[in-house]
Amino acid sequence: DETALQEQFDATIAAGHRIEPRDWMPEGYRKTLIRQIAQHAHSEIIGMQPEGDWLLAAPSLRRKAILLAKVQDEAGHGLYLYSAAETLGADRADLTDKLIEGRQKYSSIFTYPTLTYADVGVIGWLVDGAAICNQVPLCRSSFGPYARAMIRVCKEESFHQRQGYELLMTMMRGTDEQRAMVQDAVDRWWWPSLMMFGPPDTDSPNSAQSMAWGIKRHSNDELRQRFVDMTVPQAEFLGVTLPDPELSLDAATGRYRFGAIDWDELTRVISGGGPCSVERTARRRAARDDNAWVTEAATEYARKHS
Ligand code: FAQ
């Protein structure tokens, strides 16, 4: 009966073991996972757009090959994650509809425009850096398919982060104009990168339950702090200034203090008011509609051969 199943589920979570798709799980656990995994998948797919905008304007064949590989990796991550959501009973086409209709979210970070090629480097360094901080603990998430997907995704994210940093190092060794481009990109992406970790713990409605279920392993603020601690020395080595006059090392804790985040901006962006919000979903809608014939043909082919 239900009580025994619930007890078994609780014991599995308490022992740090994995919940697998065929196991009984509370409806709230299933719904929370579908919400988070779908949002994560949508972020990967929408996240192809800001960098994809530079594919035809990459400064060299080498940079183009690297960027093409990275954007393709993001498509792969999205498909991986949609598959994980399907193991919970979600339907992929339905998830895409929800994204396009604004009923499901994607990461706030991808509503910002990429103005110069330095933005490609800064996305790799800061955005993939933040993604790694957030996702490495998800490799230990209590839901098996999500945790396993994260292992591969994190390996590729590490490569993405390194390519971004290498691109920025190259630009910093270049002309004054190139160094100014890097600094300008850092100025624009720093605060939005901190917002990727979500609202502060005092204002994060899902965190407590998600942590009790072992879906999330650390709070939003804890991961944000780790990201700052990791990134400040990298900025110093690179030779850029992070746009926060309050950033300072707390000698007692060894952690960096940082200034106040504009939470109104995050709220605005999450509710569809980001600089490129309209453009991002319109493009995803066009891709779905223009390519519908491919899906239909593939489905019909599969039907005939089954
Ligand atoms: N943007 O109660 P919480 C990548 C929503 S990395 C948009 O704290 P939760 C790699 C949240 O969904 C980016 N929405 O929520 C890449 C909730 O709304 P709901 C993707 C946000 O879930 C790099 C509400 O606010 N990574 O794609 C954001 O416990 C380069 C209340 O918040 C992931 O998705 C935000 N920043 O914690 C690709 C990681 N923050 O649904 C291309 C997995 C919060 O109740 C290029 N996800 N919200 O209406 C997570 O770890 C969590 O879902 C959090 C949010 C930490 C994002």
Side-chain angles (χ1 to χ4, degrees), residues 9 12-13 16 18-21 23 25-47 74 76-111 127-128 130-154 156-157 193-201 203-224 226-227 266-267 269-272 280-281 284:
F9 172 87
T12 306
I13 298 283
R18 294 271 159 78
I19 304 295
E20 295 297 338
D23 295 341
M25 61 186 84
E27 265 322 292
Y29 180 82
R30 186 185 298 276
K31 271 175 82 176
T32 297
L33 274 167
I34 292 176
R35 178 184 66 77
Q36 178 167 328
I37 297 172
Q39 169 182 300
H40 197 162
H42 298 330
S43 304
E44 297 281 357
I45 298 299
I46 295 286
E74 283 151 12
H77 298 172
L79 299 183
Y80 234 58
L81 285 159
Y82 284 128
S83 299
E86 283 180 321
T87 70
L88 292 157
D91 176 72
R92 189 182 297 217
D94 175 55
L95 297 179
T96 298
D97 291 347
K98 286 185 170 132
L99 164 68
I100 290 170
E101 289 156 18
R103 288 186 285 134
Q104 268 178 353
K105 300 180 169 80
Y106 60 91
S107 180
S108 52
I109 195 75
F110 301 117
T111 69
V127 175
D128 286 284
I132 291 166
C133 274
N134 169 269
Q135 287 168 30
V136 165
L138 293 175
C139 296
R140 291 184 292 107
S141 184
S142 60
F143 186 59
Y146 191 34
R148 287 188 290 274
M150 281 301 108
I151 294 171
R152 178 177 186 154
V153 168
C154 284
E156 294 183 347
E157 302 285 24
S193 298
L194 296 187
M195 293 175 200
M196 283 176 72
F197 294 90
D201 295 350
D203 195 21
S204 166
N206 300 299
S207 276
Q209 183 59 73
S210 286
M211 286 172 70
W213 276 328
I215 294 173
K216 282 166 81 162
R217 293 290 179 188
H218 306 280
S219 77
N220 298 356
D221 286 332
E222 168 58 19
L223 294 174
R224 187 170 9 250
R226 274 193 202 179
F227 173 68
L266 179 65
T267 308
V269 165
I270 287 183
S271 40
R280 298 284 184 249
T281 39
R284 182 66 192 86

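All values reported here derive from a predicted model rather than from experimental measurement.
In this structure, F143 and R18 have side chains that are not in contact, with every pair of non-hydrogen atoms separated by 4.5 Å or more. With contacts defined as side-chain heavy-atom distances shorter than 4.5 Å, the pair L88/P21 does not qualify. Taking 4.5 Å as the limit, some side-chain heavy atom of T32 sits within range of a side-chain heavy atom of W213. Residues M196 and V127 meet the side-chain proximity criterion, which asks for heavy atoms closer than 4.5 Å. Side-chain contact between T111 and Y106 is present, with heavy atoms from C-beta onward closer than 4.5 Å. Looking only at side-chain heavy atoms (C-beta outward), N220 and P200 stay at 4.5 Å or farther from each other. Side chains of T12 and D23 form no contact here, defined as non-hydrogen atoms less than 4.5 Å apart. Contact of the T96 side chain with the R284 side chain is registered, since non-hydrogen atoms from C-beta on lie closer than 4.5 Å.
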| task | Let me see the working for E74 and I45 under side chain to side chain contact (heavy atoms under 4.5 Å, CB included), right down to the final yes or no. | result | CA-CA 7 Å; E74 283 151 12; I45 298 299; over 6 Å; no
| Could you walk me through whether M150 and S141 pass the side chain to side chain contact (heavy atoms under 4.5 Å, CB included) check? | CA-CA 9 Å; M150 281 301 108; S141 184; over 6 Å; no
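Between the side chains of Y146 and Q36, at least one donor-acceptor pair of N or O atoms lies under 3.5 Å. A donor atom on one side chain and an acceptor atom on the other are found under 3.5 Å apart for Y29 and S142.
Interatomic distance, T87 OG1 to I37 CD1, rounded to the nearest 0.5 Å: 6.5 Å. Atom CG of residue D221 and atom CG of residue L194 lie 11.0 Å apart, to the nearest 0.5 angstrom. Between the CZ atom in R103 and the CG atom in D97 there is a gap of 7.5 Å [rounded to 0.5 Å]. Separating the CG atom in D128 from the SG atom in C154 is a distance of 10.5 Å, to the nearest 0.5 Å. Distance check, rounded to the nearest 0.5 Å: CD of Q104 to CD of Q39 gives 9.0 Å. Put simply, CZ on R224 and OG on S193 are 11.5 Å apart, with the number rounded to the nearest 0.5 Å.
Closest non-hydrogen pair, H42 versus K105, comes out as CD2-O, 3.6 Å. Residues E20 and M25 approach most closely at O-CE, 4.0 Å, considering heavy atoms. In terms of heavy atoms, A41 sits closest to L81 at CB-CB, 3.6 Å. S210 and R35 get closest at one heavy-atom pair: OG-NH2, 4.5 Å. Of all heavy-atom pairs between I215 and L138, the closest is O-CD2, 3.4 Å. Shown here for A147 and C139, the closest heavy-atom pair between the two residues is CB-O, 3.3 Å.
Residue pairs satisfying the salt bridge (charged side-chain N to carboxylate O under 4.0 Å, His left out) criterion with at least one member in residues 77-90, sequence neighbours excluded, are listed as follows: E86-R92.
Remark: E222 pairs with R226, R255 by the salt bridge (charged side-chain N to carboxylate O under 4.0 Å, His left out) rule, at least two apart or across chains.
Taking the centre of each ring, H40 and Y82 stay at or above the 6.0 Å mark.
At a threshold of 4.0 Å, the pair E157-R152 does not count as salt-bridged, since none of the basic side-chain nitrogens sits closer than that to a carboxylate oxygen.
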